[in-house]
Amino acid sequence: MHSYVPETYEIHINRKELPKGYLKAAYLTDMHNTAGKEETAQILQMLRREKPDVIFCGGDMLVARPGVSCRPALDFMRELRTCAPVYMGTGNHEYRLFLYPETYGDMYEQYKKKLELTGTDVTTGKKQPEKQDSDSKRYPLYWLENAYRDAAVNGIPLHIAGYDLDKKYYKRLSREKLPKPEIQEAVGKPKRNAVNILLAHNPFYLRTYQAWGADLSLSGHYHGGVMRLGQHHGVISPDFHLFTPIAHGLFVRNGRNALVSSGCGEHTIPVRINNPREIVFLNLYVNQ
């Protein structure tokens with residue numbers, strides 16, 4: 001059985017148009033089908049101990065590989081919904097299923113359909129009424145694929161957007177420039193009277209996320225750089241760049257927060273050195 005460590009951050013957001021308040025969130029990303037029954041039980045125990053008000057998922061909960069089942073990811077997401085409402089972004093693996101039906105067949109549509117059957121609200125960006133799952137012990141899960149959802153948690157207004165980056169932003173040995181208007185075209189503009197949270201998988205563009213107006217952006221993808229050097233640096237990123245300085249941790253610029261998790265799993269290179277699997281907890285303080 002693999003083990004996980006809790007990583008806790010304090011996030012401070014100070015904007016006069018927002019009410020004063022506090023909430024606790026959990027953030028999980030890059031599971032890559034690695035949670036079996038024992039791993040799931042361990043994660044659920046951590047979540048129930050911490051009692052987050054909301055859970056964010058950053059994508060790549062499955063592995064896009066021909067012949068590999070989505071069932072482990074589906075089973076895990078179903079159990080995750082016993083702890084708190086879940087807002088789920090997408091990563092390059094979910095995007096790959098969508099992009100190449102000639103390779104993956106209908107895996108993408110089946111994955112979304114089966115998530116819907118477990119009570120998911122696959123959001124299109126339009127305002128929809130909250131719905132209660134038929135099983136009262138399970139909270140809703142919202143799939144945010146170039147879409148957003150507004151919510152109020154502990155009296156704090158949240159504007160939660162999930163940005164699905166184009167394939168050109170995942171090219172190996174190449175890094176395309178991401179213009180801010182491209183994010184606006186996909187998910188709209190941030191809201192003045194809400195805490196703007198952006199789920200965007202690739203952390204290389206965290207400054208663009210902050211420029212868009214994310215009070216808090218949540219990323220993963222780098223898996224902590226395989227081998228982590230200190231709090232932030234990793235030896236290698238998935239696009240084969242060495243010694244990246246944004247492989248892990250919290251980065252604050254002009255009052256805007258960007259969080260990069262080393263993730264809950266791995267694939268292809270199943271190695272972690274000084275870089276444990278982690279479950280992130282966020283203590284979010286507004287005007288405090």
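The chain is numbered in sequence order, starting from 1.
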Euclidean distance, [Y] [atom2] relative to [X] [atom1], rounded to 0.5 Å:
X	Y	atom1	atom2	result
D166	L99	CG	CG	7.5 Å
I55	E50	CD1	CD	11.5 Å
L282	D53	CG	CG	11.5 Å
M46	S3	CE	OG	9.5 Å
K37	D75	NZ	CG	9.0 Å
S219	L259	OG	CG	8.5 Å

Find out if a path of hydrophobic residues (ILVMFWY) with successive side-chain heavy-atom gaps under 4.5 Å connects [X] to [Y].
X	Y	result
L97	L141	yes
V63	V271	no
Y163	Y27	no
M107	M88	yes
L199	V153	yes

Check: [Y] main-chain N/O paired with [X] side-chain donor or acceptor under 3.5 Å:
X	Y	result
R81	V86	no
N33	L62	no
R48	C83	no
E7	E278	no
N274	M227	no
Q42	Y4	yes
Q288	H12	no
H248	Q231	yes
N146	D164	yes

Below 4.0 angstrom, N of the basic side chain to O of the carboxylate: do E39 and R277 qualify?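 Here E39 does not pair with R277 in a salt bridge, since their nearest N and O are not under 4.0 Å apart.
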Looking at D106 and K113, is any side-chain nitrogen of the basic one under 4.0 Å from a carboxylate oxygen of the acidic one?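 Not counted as a salt bridge, because no side-chain N and carboxylate O are separated by less than 4.0 Å.
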Quick one, [X] and [Y] - any side-chain contact, counting heavy atoms below 4.5 Å?
X	Y	result
T29	D60	no
V226	I236	yes
L28	F76	yes
N202	L178	no
K167	Y100	yes
F251	H232	yes
Y111	L74	yes
N257	Y9	no

Walk me through it: do E182 and Y205 pass the test side-chain hydrogen bond (donor to acceptor under 3.5 Å, both in side chains)? CA-CA 12 Å; E182 192 165 318; Y205 302 101; over 6 Å; no
Which heavy-atom pair separates [X] from [Y] by the least distance, and what is that distance?
X	Y	result
L47	F281	CD2-CE2, 3.9 Å
L206	A258	CB-CB, 3.9 Å
H201	T90	CB-O, 3.7 Å
Y104	A64	OH-O, 3.3 Å
N275	G224	OD1-CA, 3.6 Å
A84	P52	CB-O, 3.6 Å

Show the numbers, then the answer: is there a side-chain contact (heavy atoms from CB on, under 4.5 Å) between D215 and I197? CA-CA 6 Å; D215 296 299; I197 298 174; over 6 Å; no
Are more than 12 heavy atoms, taken from residues, nucleotides or ligands other than [X], located less than 6.0 Å from that residue's [atom1] atom?
X	atom1	result
Q45	CD	no
E185	CD	no
R15	CZ	yes

Determine, stepwise, if the pair Y22 / N154 fulfils side-chain hydrogen bond (donor to acceptor under 3.5 Å, both in side chains). CA-CA 7 Å; Y22 163 81; N154 294 348; over 6 Å; no
side-chain contact (heavy atoms from CB on, under 4.5 Å) between K114 and R71, worked out: CA-CA 9 Å; K114 289 175 181 176; R71 177 53 57 186; 4.1 Å; yes
Would you call the rings of H221 and Y170 parallel, tilted or perpendicular, where under 30° means parallel and over 60° means perpendicular?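 Aromatic pair H221/Y170 classed perpendicular.
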So among R65, H223, E266, which one has a side chain to side chain donor-acceptor pair (under 3.5 Å) with H32?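 Of the listed options, the one satisfying the test is H223.
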Go through it in stages, so that I can follow the logic: the residues are V187 and L144, the test is side-chain contact (heavy atoms from CB on, under 4.5 Å), and I'd like the CA-CA distance, side-chain angles, deciding distance and then a yes or no. CA-CA 10 Å; V187 300; L144 299 176; over 6 Å; no
Identify the residue among V286, L158, I11, N283 that makes a side chain to side chain contact (heavy atoms under 4.5 Å, CB included) with L23.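 When side chain to side chain contact (heavy atoms under 4.5 Å, CB included) is applied between L23 and each of V286, L158, I11, N283, only L158 qualifies.
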Y222 and side chain to side chain contact (heavy atoms under 4.5 Å, CB included): which single residue from P203, S262, S261 fits?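 The single option meeting the side chain to side chain contact (heavy atoms under 4.5 Å, CB included) with Y222 is P203.
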Go through the side-chain N and O atoms of T103 and R96 and say whether any donor and acceptor fall under 3.5 Å apart.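 R96 and T103 do not have a side-chain donor-acceptor pair below 3.5 Å.
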My understanding is that only one of Y142, W143, Y139, Y148 makes a ring-ring contact (aromatic ring centres under 6.0 Å, His included) with Y87; could you say which?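 Looking at Y142, W143, Y139, Y148, the match for Y87 under the ring-ring contact (aromatic ring centres under 6.0 Å, His included) is Y142.
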Using side-chain contact (heavy atoms from CB on, under 4.5 Å), reason through C264 and T34 one step at a time and then give a plain yes or no. CA-CA 8 Å; C264 308; T34 57; 5.6 Å; no
Test: salt bridge (charged side-chain N to carboxylate O under 4.0 Å, His left out). Region: residues 227-247. Which pairs qualify, not counting sequence neighbours?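 Applying salt bridge (charged side-chain N to carboxylate O under 4.0 Å, His left out) to every pair that reaches into residues 227-247, excluding sequence neighbours, yields R175-D239.
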